[in-house]
Protein chains: 4
Amino acid sequence: MGSDSRSDGRRKRTFIEEARRAQIVSAAIGTVAEAGYAGASLSRIAQRAGISKGVISYHFSGKDELMERAVEQVYSDIAEFVLPRAAEAADERSSLRTHILAVGEYMRGHREQLLALAGIFSGTQTPEGTPRYRIRATESIYQGYSELLRAGQDRGVFRAFDTRVMAVSVQALIDGMFQYWVAYPDHDLEAHAAEVAELVDRATRADSPA
Amino acid sequence: MGSDSRSDGRRKRTFIEEARRAQIVSAAIGTVAEAGYAGASLSRIAQRAGISKGVISYHFSGKDELMERAVEQVYSDIAEFVLPRAAEAADERSSLRTHILAVGEYMRGHREQLLALAGIFSGTQTPEGTPRYRIRATESIYQGYSELLRAGQDRGVFRAFDTRVMAVSVQALIDGMFQYWVAYPDHDLEAHAAEVAELVDRATRADSPA
Amino acid sequence: MGSDSRSDGRRKRTFIEEARRAQIVSAAIGTVAEAGYAGASLSRIAQRAGISKGVISYHFSGKDELMERAVEQVYSDIAEFVLPRAAEAADERSSLRTHILAVGEYMRGHREQLLALAGIFSGTQTPEGTPRYRIRATESIYQGYSELLRAGQDRGVFRAFDTRVMAVSVQALIDGMFQYWVAYPDHDLEAHAAEVAELVDRATRADSPA
Amino acid sequence: MGSDSRSDGRRKRTFIEEARRAQIVSAAIGTVAEAGYAGASLSRIAQRAGISKGVISYHFSGKDELMERAVEQVYSDIAEFVLPRAAEAADERSSLRTHILAVGEYMRGHREQLLALAGIFSGTQTPEGTPRYRIRATESIYQGYSELLRAGQDRGVFRAFDTRVMAVSVQALIDGMFQYWVAYPDHDLEAHAAEVAELVDRATRADSPA
DNA sequence: GATGAATGAGCATTCATTCAT
DNA sequence: CATGAATGAATGCTCATTCAT
């Protein structure tokens, strides 16, 4: 450690070390998606990555850290897909709608990643102590929505409501859509997303045309 | 078996057997709420119930059956609380709002039960194969909402929308409310429920004042 | 106990008690034949007999005694079938041959009993201490053959050989025939028995036609 | 797996892995011989080997595989002892006799191994379904004898008989000899083997001195 | 006589983790 | 950097047996 440590507590990593980590995280995502969190033992993940079990322990402090990184990975992939699309929207109403539709679109093309996300969230849930990293992850989502909603309220596009609760609700609707799609894979995700977008629009917009 | 079996496949149970089963289910709920699904080993449940591990195996075919019964227990308790209240509502709009508020109210008084429910759902989730009993449980909820929504549509109280998607969405909003409350126990559940009720009302009602 | 005890240590048994015991022994035989010794738990045996587990414990000192009685039962059934037939034989050579053929014949009609016998012998085998009752059971068979063989030797029908070893060998040939039939149920038991009878005859008879 | 697998399905094994496996198999043999199959739990075997229980699971897929390997070990040891001796025999009659005597001789020096063999055979016996590996093991013995017997018949050394039945019978006589010796450890194995060899010779040889 | 409820030891197995090489 | 060998605790479950009713 010593000279390799940084002020933020993270070691400097070589390029090939990062590549190994990415490879392992990817194998972890695939394994959780395929076998569920309970079935995703380190040896199974190692097997899928074509490496030895010890390598995982070498690169990650433990299973927890690995799963945390997997969650981060998926979240950042989603954000990378959704945010640019939402940014193009004309106003907040349109942006909110676009968010929802874009997430639905992303889901359709990345079932495995979403499955892994859900699996990890489920598997690591321990009541009276929602894992730190999970709070961190969802918190940033809530704040993104909250800011959007408040901006819309300020500009008179949205009605008055508790932005925090509304942010939680939007995310809940998206989660619910995903969960339903997991249980019923043939479900029409696009139509569902459109219906949810409409629902949210009606629930949030200023009672306009008085 | 033989002469003890019934046409519905359930054995006749003595009073004291039912009492034991109820006691064990209750211990299971408490343990899952406290330690999460992963931490709710049979021995821990037995310990909490003050009985020997074997007793659980004696009364239940396995951990799966026990957890299934726990879910059933919680669901029927919720229904017992919510349904009578919703039944008194004047019309479907009011009934829907009452549903949401009543569930919120129930949650406040039964955190442990809800925690257990969430823990069991999380812990038994296996991708590509949502457990039969879980589908059964949620399905009945979806159908309840769907019927209410359709009735409201027929009577002109609700606008046109996909009742299935809306049912899933209402349930998702409630789940989200609960999850948020789990992460932030000091959160104002009552206000949250009211906000959700308002959200749903706006999203579903016929655009009356045209 | 007291006044009910007898000099030989066995209690006097009522008629219905004997009936129960016979019923349980029969269920034990059927269960071992069907599920193997390992699969023949007391509860399974009780289930097959249509009684409660406790009844077995009430009538037998334990699983060991029950299995012992089952072995006795099968042995005495076999003897009842074989001995009269062998008794009609003209001389010892003929009697020995008849023994072998009769046992083969009995096997064909009582696969279940033999299966149970083999299962119990297998399941209760503990090296460095062949169970007492098993020694007793086989010992009486060995002695039966030994007497027959010695009588034949005395009368010049059989050649000189160690009668004990020969007795063990005859029984081994029969056991082997049975084991083979278990592994290959379509095997022709009658032909096998005839071949074994011929084998034994050649191995034992006085080298007469010098 | 992947790159470590071979066309025959067996992984390449390091020297030290083979050593551990051999050590564990040896401990398994000793434990079964001493405590019987039922008493040979993995923890007892591990204890005897002076290792942790997990090591067994690490090297073998389960108890079944371990026991299978133990059987293979004993069989190959016996074959290594018996076959060279039998190969020196002048003709088939002599070879058959030598087989029997050599097996008897081997038994005297390897009681533990034979005890284990018998224990495993007994313990894994399940009616209506003799374990695959056991059939394979005995089948190869039967075929060995069958070939020898047929060769002898072809050369006129042996009389006409069903070679399969005779092979089964020879093996049964050897098994019987062993079982008797287990029950009566002081029994004269050498004399017994000689008597069996004589028995078999008389039963099989061409009725020469016509 | 009979029952069903309860016990508790024992089982095979899985797994995250550690460590010498 | 990477490996495979080893650990040992923990899990769900089975079962013969006991005992109050």
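To find a chain, count down the sequence lines: A is the first, B the second, and so on, and within it residues start at 1. Since the model is a prediction, treat every value here as computed from it, not as a measurement.
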In whole Å, I'd like the distance from the [atom1] atom of [X] to the [atom2] atom of [N].
X: Asp64(B); N: dT11(F); atom1: CG; atom2: C1'; answer: 13 Å
X: Ile24(C); N: dG1(E); atom1: CD1; atom2: P; answer: 12 Å
X: Gln47(B); N: dT11(F); atom1: CD; atom2: C1'; answer: 14 Å
X: Ile56(D); N: dG8(F); atom1: CD1; atom2: C1'; answer: 13 Å
X: Gln23(D); N: dA5(F); atom1: CD; atom2: P; answer: 13 Å
X: Leu42(B); N: dC11(E); atom1: CG; atom2: P; answer: 19 Å
X: Arg21(B); N: dG4(E); atom1: CZ; atom2: P; answer: 16 Å
X: Glu65(B); N: dC13(F); atom1: CD; atom2: P; answer: 11 Å

Does a side chain donor of either Arg44(A) or Gln47(A) reach within less than 3.5 Å of an acceptor in the other side chain?
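No - no donor-acceptor pair under 3.5 Å links their side chains.
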
Need to verify one output field. Residue with the more 5' nearest nucleotide on DNA chain E, Lys63(D) or Arg20(C)?
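Its nearest nucleotide being more 5', the pick is Arg20(C).
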
Considering heavy-atom distances to DNA chain E, does Gly39(D) or Gly50(C) have its closest nucleotide positioned more toward the 5' end?
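Comparing both residues, the 5'-ward one is Gly50(C).
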
P spacing across the pair dT21(F) / dG1(E), given as an integer number of angstrom
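Each nucleotide's P atom is 22 Å from the other's.
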
Does Arg21(B) qualify as a cation-pi partner of Phe60(B), given the criterion of NZ or CZ under 6.0 Å from the six-membered ring centre and within 45 degrees of its axis?
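Yes, Arg21(B) sits over the ring of Phe60(B).
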
Stacked cation flag Lys63(A) on Tyr37(A), 6.0 angstrom / 45 deg
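Positive - Lys63(A) is close enough to the ring of Tyr37(A) and near enough to its axis.
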
Could you please name the partner base of dT21(E), counting Watson-Crick and G-U wobble pairs only when both distances are under 3.5 Å?
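dA2(F) - that is the nucleotide pairing with dT21(E), both distances being under 3.5 Å.
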
Both distances below 3.5 Å, Watson-Crick or wobble geometry, any strand: find the nucleotide opposite dA12(E).
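When the pairing criteria are applied, dT11(F) turns out to be the nucleotide that pairs with dA12(E).
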
With nearest nucleotides of DNA chain F determined for Gly62(B) and Ile16(D) from heavy-atom distances, which residue corresponds to the more 5′ nucleotide?
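Nearest nucleotide further toward 5': that of Ile16(D).
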
Ala38(B) or Ile51(A): which one's nearest nucleotide on DNA chain F is closer to the 5' end?
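In this pair, the answer is Ile51(A).
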
Is there a donor-acceptor pair under 3.5 Å between the side chain of Gln23(A) and the backbone N or O of Ala49(A)?
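The answer is yes, because a donor-acceptor pair under 3.5 Å joins these two groups.
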
Considering all heavy atoms, the nearest Ile29(D)-Ala116(D) contact:
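Of all heavy-atom pairs spanning Ile29(D) and Ala116(D), the closest is O-CB, 3.4 Å.
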
Given dG4(E), is OP1 or OP2 found less than 4.0 Å from the side-chain N or O atoms of His59(B)?
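It does not, given that no N or O in the side chain of His59(B) lies less than 4.0 Å from OP1 or OP2 of dG4(E).
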
Check whether any side-chain nitrogen or oxygen of Tyr58(D) sits under 4.0 Å from OP1 or OP2 of dA6(F), and answer yes or no.
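Tyr58(D) to dA6(F) OP1/OP2: no side-chain N or O under 4.0 Å.
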
Quick one: does Val32(C)'s side chain get under 4.5 Å of Leu115(C)'s, heavy atoms only?
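Val32(C) vs Leu115(C): side chains apart.
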
dT17(E), dC13(F), dA2(E): which one has an atom nearest the side-chain heavy atoms of Val55(C)?
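Selected nucleotide (nearest to the side chain): dA2(E).
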
Taking atom types as they are modelled, is there a donor-acceptor pair under 3.5 Å from the base of dT17(E) to the side chain of Lys53(A)?
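Checked by distance alone, the answer is yes.
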
Classify the side chain of Ser52(B) and the base of dG8(E) as holding, or not holding, a donor-acceptor pair under 3.5 Å.
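Result: at least one qualifying N/O pair found.
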
With a 4.0 Å cut-off on heavy atoms, is Ser41(D) in touch with a base, just the backbone sugar-phosphate, or nothing at all?
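Result for Ser41(D) = sugar-phosphate.
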
